[in-house]
Number of protein chains: 2
Amino acid sequence: MNLKQLSHMLSLSQTTVSRALNGYPEVNEETRRRVMDAAKRHGYRPNPSARRLATGKSGMIGYVLPTGAAVDIDPHFVEFLSGLGDYARAHELDLVLSPADADDEETTYRRIVANRQVDAVYLSSPRPADKRLALVNTLGIPFIVHGRSEGFDFDYPYLDIDNEGAFHEAARLLIQLGHKRLALINGNERETFAIHRERGMRRALAASGLTLGERHIRSVTMTEENGHRAARRLLEEAEPPTAIVCSSLIMALGVVRAVRDLGLTIPGDLSLVAHDDVFPWLRPENFPVPLSTTRSSIRLAGARVAERLAARISGLEEGPRGEVWPVDLVVRGSVAGAPV
Amino acid sequence: MNLKQLSHMLSLSQTTVSRALNGYPEVNEETRRRVMDAAKRHGYRPNPSARRLATGKSGMIGYVLPTGAAVDIDPHFVEFLSGLGDYARAHELDLVLSPADADDEETTYRRIVANRQVDAVYLSSPRPADKRLALVNTLGIPFIVHGRSEGFDFDYPYLDIDNEGAFHEAARLLIQLGHKRLALINGNERETFAIHRERGMRRALAASGLTLGERHIRSVTMTEENGHRAARRLLEEAEPPTAIVCSSLIMALGVVRAVRDLGLTIPGDLSLVAHDDVFPWLRPENFPVPLSTTRSSIRLAGARVAERLAARISGLEEGPRGEVWPVDLVVRGSVAGAPV
DNA sequence: CAAGGCAGCCAAAGCGCTTTGGAAGTCTCT
DNA sequence: AGAGACTTCCAAAGCGCTTTGGCTGCCTTG
C-alpha cells in the first residue's frame with residue numbers, strides 16, 4: 001500500500017494525502033480525518049526510503065564506533081545505550097552504528113554526513129581540542145557531545161557530569177577525615193573527563209595546602225588488571241597513600257584485590273572512593289567492604305542525549321547549550337579516618 | 001556530484017555510467033575505465049538514499065535491541081559488537097540498532113522488514129521455540145542467529161559455541177578430581193545456552209552415576225550480586241557442593257566473594273570453573289585465585305556473524321547452515337581434588 | 001549477400017515520497 | 001456586484017539512482 005494507491009481510493013491527490021498525514025495546515029480537518037482514518041485502516045506506512053530521498057531526513061541518529069583489533073569498546077557504552085534506547089524506542093528513532101578505523105574516524109564522519117545517513121550524531125569520550133568535534137561542527141550536522149572538550153573558540157551542545165566537582169568532593173571528604181597522602185587512579189589522561197577529575201582533586205588538596213605527587217597519580221585504561229597494578233605500585237611505595245580515589249568500579253575491583261594481596265584492609269589501612277556509572281551487574285554496595293562512590297547514572301545520560309538529539313532534529317533545541325549534571329557522593333564503609 | 005552530472009561530463013548516458021560503476025558486463029572495458037577514472041577523480045559517490053529507493057537494498061545490517069526500564073543490556077553485547085564492527089568497518093557495512101519494547105519485539109521486526117531498513121538481521125540470546133526466530137524466518141529477511149534455538153521443524157542459519165560440550169568437559173574434569181557434589185550457577189534458564197550447559201553437566205554426572213540435585217542448580221541473571229547470593233545459598237546448605245561451575249565471569253566475582261564471606265578457600269574447600277567470554281576488562285587469570293574457565297571469544301563470534309551476514313546478503317551463503325565452535329577448557333588454580 | 005547474433009550504448013520508466021506553483025471555489029468587504 | 005483574500009485541493013516536477021526494452025552498427029555464418 002503506497003501513497004498513490006491510498007490517494008486513489010480516497011479520490012484525492014497524493015499531495016493532499018501527504019499533507020494531511022504530515023500535519024500541514026492547508027487541508028480541511030474533515031478531509032484530514034478521512035485520510036488519517038483510511039491510512040490507519042489500511043495500515044499505510046510511508047516508505048522511509050522514498051521519504052529520505054525526497055526530504056533528506058532519515059529518522060535515525062548516528063554514532064561512529066571506533067574499532068580495531070587493539071580497540072576495546074568501553075563497557076559503559078552498553079549502559080548508555082540502554083538509556084538511549086529507552087527514549088529512542090518511544091519515538092521510533094533508530095541508532096546507526098558506523099564502525100570506523102579508530103585512527104581515522106574522519107572519513108566515516110564525512111561519509112555519513114555526505115550520505116545523509118543520519119539526522120544527528122553524538123560523540124562520546126571527547127578529548128581537549130577533539131578533532132571529531134571540530135569536524136562535526138563544521139560539517140553542520142546536528143550533534144551533541146556526551147562529555148566535554150576544551151580549548152575551542154566556539155561553543156557546542158553537550159551533556160556532561162560534574163566530574164571536577166565530584167572528585168573535588170570526594171577528595172575533600174578524605175582530607176576532612178585526616179588523610180594527607182591521597183592518590184588518584186584515573187582513566188585515560190587524554191580524555192577530558194580524566195583531566196577534570198584530576199583538576200577537582202588537586203583543587204581540594206590545594207585548599208588544604210596539600211598536593212598530588214607525580215607518583216600518586218596513574219592514568220590507565222579502565223580494566224580490573226590495570227586497577228590492580230596501579231594500586232600495587234602505589235601501595236608498595238615508601239610512603240604509600242592512605243586514600244585512593246579511583247575512576248571506575250571495574251578498576252576498584254583490582255584495587256581491592258591489590259589491598260588483599262598486600263595483607264592490608266579497607267578502610268583500616270586504606271580508604272577508597274570510586275566513581276560509579278551505575279551498572280546493573282556490579283554494585284558498589286556489594287563490594288567486600290561497601291564502596292563509597294561518586295555516582296551518576298550513565299543510563300539516564302543516554303536517555304537525555306537521545307531526547308536532546310530528537311529535539312535538535314525537530315528544531316526544538318538550538319544553539320550551543322551545555323548541560324552539566326551534579327554527581328552524588330555516596331558514603332559507604334570504604335572510607336574512614338586516616339590511620340595514625 | 002551526481003550521476004547525471006558525471007554522465008554529462010563523460011558524454012555518456014546515466015545507464016552506461018551506472019552500469020560501468022556497478023560492474024555490469026555490457027560495457028566496454030575501455031569505457032569502464034574512463035568512467036571509473038572520472039568517478040574517482042571527482043569523488044563521485046552514489047547517493048545511498050536514491051540507490052535504496054531503486055534497489056531496496058540498504059547496505060546495513062540490523063539488530064533489534066530489547067529495551068525498557070527493567071531491561072538491562074547484556075554487557076557481553078559490547079564485546080560482540082567489537083567483533084562485528086571489526087568486520088563491518090572493512091566492508092562499509094553499518095549496523096542499525098532498533099530499540100524495541102522488550103515485551104513486543106515483533107512489531108519492530110515487522111517494521112524494519114516492511115521498511116526494508118536493513119538487508120539482514122541477527123538475533124541473539126535465543127530461547128527454545130523462540131518467536132522472533134519463527135517470525136524472522138517467515139518474513140524472509142536474511143538472518144543469522146547467534147546461539148541456537150530448539151523445537152522448530154525447520155532449520156536455520158546460526159553460529160553457536162558448544163555450550164553443552166564445554167560444560168560437559170568442565171564437569172568431567174571436576175568429577176575426575178573426585179568431586180561428587182557439583183553445583184551449577186547458570187544464566188537465565190529460559191535461554192538455550194543455559195539449557196545446553198545444564199545438559200552438558202548432567203551428562204557428565206550421569207556418566208559417573210551422579211546427579212545434579214534440584215537445590216544444586218541456580219538460574220539467575222548474570223550479575224555479581226546474583227552470583228554471590230546463589231553461591232551463599234549453595235554453600236550454606238547441609239551438604240554443600242565441593243565444586244561449582246558458573247556461567248559467567250561476572251557471577252564468578254560474586255562466588256569468590258561469597259566463599260570469602262564464609263571463611264572458605266578456593267580451591268581448598270571449593271573448586272570453581274566459570275565460562276569466560278573473554279572481556280578485556282576482566283580476566284580470569286587475575287582472579288585472587290586464577291580461575292579455570294571454559295573459554296570462547298565472543299568478539300570473534302561477532303566478526304564471524306558479520307562475515308556470514310555479508311555473505312548472505314550478497315548471495316554467497318545460502319540455506320540453513322549451522323556452525324558450532326568448540327570451547328577451550330583452560331585449567332588454572334581454582335580447581336583441585338575434592339576435600340576429604 | 002541476407003540473416004542472425006552480439007557487443008555497446010541510450011531513452012525513459014520506474015522506485016514512492018515531498019513540495020512548488022498554481023487553480024478553483026468560498027468569503028469578506030466596499 | 002466585483003475585487004481581494006483565504007481556504008482547499010491538484011498536477012507535475014523533483015530527489016538520484018537502477019533497470020527495462022530497444023536501437024545501432026559490426027561481425028559471423030551459410
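Every chain is numbered from 1, with letters handed out A, B, ... down the list of sequences.
- Here B:Ser7 lies out of heavy-atom contact (under 4.0 Å) with every strand.
- Salt-bridge annotation for A:Lys131 and A:Glu105: absent, with no side-chain N of the basic residue lying under 4.0 Å from a carboxylate O of the acidic one.
- In this structure, A:Glu26 and A:Pro46 both approach DNA chain C, and ranking their closest nucleotides by distance from the 5' end singles out A:Pro46.
- When heavy atoms are screened at a 4.0 angstrom cut-off, A:Thr31 is found touching the sugar-phosphate backbone but no base atom.
- Distance, A:Gln14 CD to C:dG21 P: 19 Å, rounded to whole Å.
- The residue among B:Tyr44 and B:Arg19 whose nearest nucleotide of DNA chain D is located toward the 5' end is B:Tyr44.
- Contact check on B:Asp37 versus B:Lys40 returns no salt bridge, with no Lys/Arg side-chain nitrogen under 4.0 Å from an Asp/Glu carboxylate oxygen.
- B:Asp130 has no carboxylate O lying under 4.0 Å from a charged side-chain N of B:Arg190, or vice versa, which leaves the two without a salt bridge.
- Taking atom CD of B:Glu29 as the reference point, atom P of C:dC6 lies 19 Å away to the nearest angstrom.
- Among the protein residues, B:Thr55 comes within range of the sugar-phosphate backbone only, with heavy atoms under 4.0 Å from sugar or phosphate atoms but none that close to a base.
- The 5' end of DNA chain C is approached more closely, in terms of each residue's nearest nucleotide, by B:Val17 than by the other of B:Leu53 and B:Val17.
- C:dG8 atom C1' lies 15 Å from atom CZ of B:Arg33, rounded to whole Å.
- Atom CE of B:Met1 is surrounded by more than 12 heavy atoms from other residues, nucleotides or ligands within 6.0 Å.
- Ranked by how close their nearest DNA chain D nucleotide is to the 5' end, B:Arg45 and A:Arg32 are led by A:Arg32.
- Protein chain A contacts DNA chain D from D:dT8 to D:dG16, reading 5' to 3' and using non-hydrogen atoms of the protein with a distance under 4.0 Å.
- A salt bridge links A:Glu106 with A:Arg110: at least one charged nitrogen is closer than 4.0 Å to a carboxylate oxygen.
- A salt bridge does not link A:Glu150 to A:Arg148: none of the charged side-chain nitrogens sits closer than 4.0 Å to a carboxylate oxygen.
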